[in-house]
Amino acid sequence: PGDPEAGELGLAAVPGRQAAFRQGLEAAVLYARAVGCPRIHVMAGRVPLGTDRAAVAGEMETTFIENLRYTADLLSQEDMIGLLEPINNRITDPRYYLNTPHQAAAILEKVGRPNLKLQLDLFHCQIMDGNLSRNLETYFPLIGHIQIAQVPERHEPDSPGELNFPYIFELLESLGYTGYVGCEYAPKGDTLEGLGWLRSYWESRGLQHGGTSKAAK
């Protein structure tokens, strides 16, 4: 993430911070290797303070692509995947450089490396673009990880909000998604109590609380 005290949130697209980015990436690889995690979120970073987004967009994209190619080469030696996550700039972070799956897909195409994927957080995607069904279908070949939270309050999937998560989960299954779904939300109360939505979802699908079929038992 760079230096949070200096207002940084990632470095991959920040001009002039290439050396610090590479140091951070190498440290992340050590941690990922130690815990057996095959995916690393490569954070793009923020538009520098005092600069206009449009004025620096070209330089930031060039920096991002250069750093992503370096990342892909390094991660290929570890059999790891690098992930790009668009973060909305309407609510969460006005200065974050990478904001939409369309922008991420265009950059991934320019980089052209198979071990770089899209980390699609449906909270951010809904805020920036909506159209989740078509976006999931369109970008599914690029997706390496999914994250969820209800919109707009970023709580549990069964809290009041805009998204119909049982429908979304069934859509992901129909598309053939076999990866993890990261629950990146802020629980309204106790964490375990807040997982009641998952138990209810499993039961609605005829599954035990471990996600296994009752018939298999």
Side-chain angles (χ1 to χ4, degrees), residues 1-121 123-125 127-128 139 142-147 149 154 179-180 182 184 186:
D3 182 359
E5 290 186 9
E8 293 179 333
L9 188 67
L11 297 173
V14 181
R17 296 287 277 145
Q18 287 92 327
F21 167 75
R22 294 182 182 195
Q23 283 184 327
L25 177 65
E26 288 163 7
V29 167
L30 291 177
Y31 279 104
R33 188 193 299 156
V35 299
C37 179
R39 289 170 172 77
I40 293 177
H41 175 197
V42 186
M43 302 189 77
R46 291 171 167 144
V47 174
L49 272 174
T51 61
D52 177 71
R53 178 183 290 270
V56 298
E59 185 183 7
M60 291 192 74
E61 181 176 290
T62 298
T63 302
F64 201 17
I65 290 171
E66 174 190 319
N67 280 330
L68 287 173
R69 286 179 177 151
Y70 177 88
T71 298
D73 290 342
L74 181 63
L75 296 188
S76 67
Q77 300 170 27
E78 304 284 342
D79 198 25
M80 292 179 183
I81 299 289
L83 298 169
L84 278 63
E85 180 187 12
I87 295 176
N88 82 82
N89 63 351
R90 290 178 173 162
I91 297 175
T92 302
D93 199 304
R95 287 173 40 226
Y96 201 75
Y97 168 72
L98 188 67
N99 304 133
T100 69
H102 322 300
Q103 182 190 7
I107 288 170
L108 286 170
E109 184 177 3
K110 290 178 181 179
V111 176
R113 301 295 176 87
N115 63 335
L116 297 178
K117 298 284 187 180
L118 174 63
Q119 178 169 308
L120 192 65
D121 188 319
F123 173 82
H124 298 303
C125 189
I127 289 168
M128 292 302 293
Y139 297 113
L142 298 177
I143 292 174
H145 187 53
I146 294 281
Q147 291 177 319
R154 209 168 188 175
Y180 286 100
E184 196 179 64

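Here, residue 1 is the first one in the sequence, and each next residue gets the next number.
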Between [X] (side chain only) and [Y] (backbone N and O only), is there a donor and an acceptor less than 3.5 Å apart?
X    : Y    : result
R53  : Y96  : yes
R154 : A186 : no
N89  : D93  : no
E85  : A44  : no
T62  : G58  : yes
R90  : I127 : yes
E8   : D3   : yes
R39  : G82  : no
H41  : L83  : no
N67  : A12  : yes

Subject >> E109, CD atom: more than 12 neighbouring heavy atoms under 6.0 Å >> reply: no
Taking the side chain as every heavy atom from C-beta outward, state whether [X] and [Y] have any pair of such atoms under 4.5 Å apart.
X    : Y    : result
L25  : T71  : yes
E184 : F123 : no
D52  : V47  : no
E59  : E61  : no
F21  : T63  : no
L120 : C125 : yes

If I compare all heavy atoms of [X] with all of [Y], which pair ends up nearest, and what's the gap?
X    : Y    : answer
G45  : V14  : CA-CG2, 4.2 Å
A13  : P15  : O-CD, 3.2 Å
M128 : T100 : CE-CG2, 4.0 Å
N99  : P86  : C-CB, 3.5 Å
M60  : P48  : SD-CD, 4.0 Å
N115 : S76  : ND2-N, 3.4 Å

Subject >> P94: partners by side-chain contact (heavy atoms from CB on, under 4.5 Å), with sequence neighbours left out >> reply: none
**OP:** Kindly write out the residues that satisfy side-chain contact (heavy atoms from CB on, under 4.5 Å) with R33, not counting sequence neighbours, or none if the list is empty.
**Re:** V29, L30, E78, M80
Subject >> Stacked cation flag R46 on Y97, 6.0 angstrom / 45 deg >> reply: no
Subject >> Aromatic plane relationship, H102 with Y139 - under 30° parallel, 30 to 60° tilted, over 60° perpendicular >> reply: tilted
